[in-house]
Visitor: 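The structure that follows is given in the form of structure tokens.
Below, chains carry the letters A, B, ... as their sequence lines are ordered, and counting in each starts from 1.
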Amino acid sequence: MTVWTPSDDGFADITSHDAYLAGPPHNTFARMRRDDPCAWTDYPQGEGFWSITRQADILACNGKPDIFSSARGIRMEDQTYAEYLARRTFQETDAPDHMMTRIKVARAFSPGVVAGFEQAIRDLCDEILDEALAQDEFDATKAIARQLPMRMLGRILGLPEADLPWLVEKGDALIANTDPDFTAHVLDRMTTDEFRLMPFNSPAGAELYIYAKDLMAQKAAAGDTGGVLHMILQPAKDGSTITEEEFRNFFCLLVAAGNDTTRYSIAAGIQALCHQPELLAQMQSGSVWDTAPDEIIRWATPATYFRRTAAQDTELHGKTIRAGDKVIYWFASGNRDDAAFADPFRVDLSRKPNPHLSFGQGGPHICLGMWLARLEVRVLFQELSRRLAHIEPAGPQKFLRSNFVGGIKELPVRLKRT
Amino acid sequence: MRVTWELPDGSTITADVTDGSNLMEAAVAAGVPRVLGECGGNLACATCHVYVAEGWQAATGAPGEFEDAMLDATEAPRGPGSRLSCQIIASAALDGLLLRVPG
Ligand code: HEM
Ligand code: FES
């Protein structure tokens, strides 16, 4: 059995949020990979762009940040220079600026440091699962997947427990700003300019900025030396410290980047368990944990794409990409490329090698949180599979309305405990 | 030039590497386990960490400023000879180089 089969007619408008309501338009991506792997794509809301859809091409282009720059925006939407400056985080910079920030935060999210969170994650998974599995039928995205990432990030950062539900809400509003379920300011339906200069075009961004600023002041005043935030605030080897603006932007980025990506990875893993019954026994055997998290995250592909801008003219598949052209890496497509993955629509928990692109592999902006995300996914499924005798769908799943965040926002399940 | 990677179990993998290429790419091409190179040699992932064997550390040189900082973000502990192998470029002067792969 396969988990999910795409239903688009092969000619979907891949820029339209509505095209993702039944899951990513994978028949369209398959056609593009086959017939036109560097396709000019019209964008009704602004400038068109080049769509890179093959796994190998995305990997190769992402490795050339001098040609494909992050410093002109990383989303499909066009923005003015003023908007860019107001909203930018280190994710929207190139070397050497990018490295100057990245080296200040890398250690706090390194595999060695993150491994130390395993017990805390397990305790949190216990709490969440004991509560969720008290029922036999529920929405797994809401009851399980939505809970873990933000509460974990909060604990790692040393945030007050009472603030976490508020932060989950702001994180949702920040990223899923094209789905009316998550935000009152649906981006492509907005008529005024008032939010354009706010981080992530959202008042939630402004609120998070203020929260981060207060937090930084409180930590400093209290001489608080615990947690990841303290590590980030320490001077780097060259004596430089993170500036207040850098810190606020970084904090916002953490809330936005670490929240729904991990959530939708967990949701997609539960979806897979429902539709490929053999996966549960494989998990319970304990033999797949080295490889399962990456396969679940490949299957999920929570970041559908990221954008670059050509810094110089360059050629790809006989097309001339001009300096200034937008170029989009469609990770969702690359992760289903049968030139890189045998049977890409099947979840294979022991897939190895697994050259997926969900974390933006192959480039300087590779996910900072990937070790944490992998660990959270592993521990959650270890704890979940241990408790499950059977799990199945209990109604239709619903996908997020977004061309950018790929996620199952409603996943009704029915289960039997061991 | 020739490079040998010594794995934690003591076994070795040896490969001929074209001058000018970096030793993370060479390790991935040679199928050396645990040298992943997930950021494509862009100094962002530290998954290409190796220990340069005693006797070769002067020839390979000291890590640069960004590399030095990223060596604090490796999975295995930093030790003498720790380098990110995407930053070591193959050249005739390094012929016979021995790199130990972290366990
Ligand atoms: C499965 C979960 C996750 C997925 C799929 C994911 C995906 C990604 C992707 C694709 C990028 C690269 C963007 C680009 O190339 O422009 C990225 C960058 C980033 N991610 Fe994640 N992410 C996840 C979890 C996390 C977590 C848990 C955190 C933090 C706690 C995090 C923090 C970041 C940051 C700070 C960056 C920017 C890095 C840079 O520009 O150097 N992510 N992520
Ligand atoms: S390959 Fe990522 S730091 Fe060397």
Visitor: For E92(A), is there an ion pair with R72(A) - N to carboxylate O distance below 4.0 angstrom?
Guide: no
Visitor: Answer with side chain, backbone, both or neither: which region of T47(B) has an atom nearer than 4.5 Å to a non-hydrogen atom of chain A?
Guide: side chain
Visitor: Picking from S110(A), G360(A), P364(A), P65(A), which has the most non-hydrogen pairs under 4.5 angstrom with chain B?
Guide: P364(A)
Visitor: In terms of heavy-atom pairs under 4.5 Å, which option from L36(B), N42(B), D72(B), L43(B) contacts chain A the most?
Guide: N42(B)
Visitor: Out of A115(A), P111(A), G362(A), which one racks up the most heavy-atom pairs below 4.5 Å with chain B?
Guide: G362(A)
Visitor: So do the side chains of L94(B) and I88(B) get within less than 4.5 Å of each other, counting heavy atoms only?
Guide: yes
Visitor: Once you measure the plane-to-plane angle for Y329(A) and F68(A), does it fall in the parallel (<30°), tilted (30-60°) or perpendicular (>60°) bin?
Guide: perpendicular
Visitor: With R336(A) as the cation and F341(A) as the aromatic partner, state whether NZ or CZ is under 6.0 Å from the six-membered ring centre and within 45° of the axis.
Guide: no
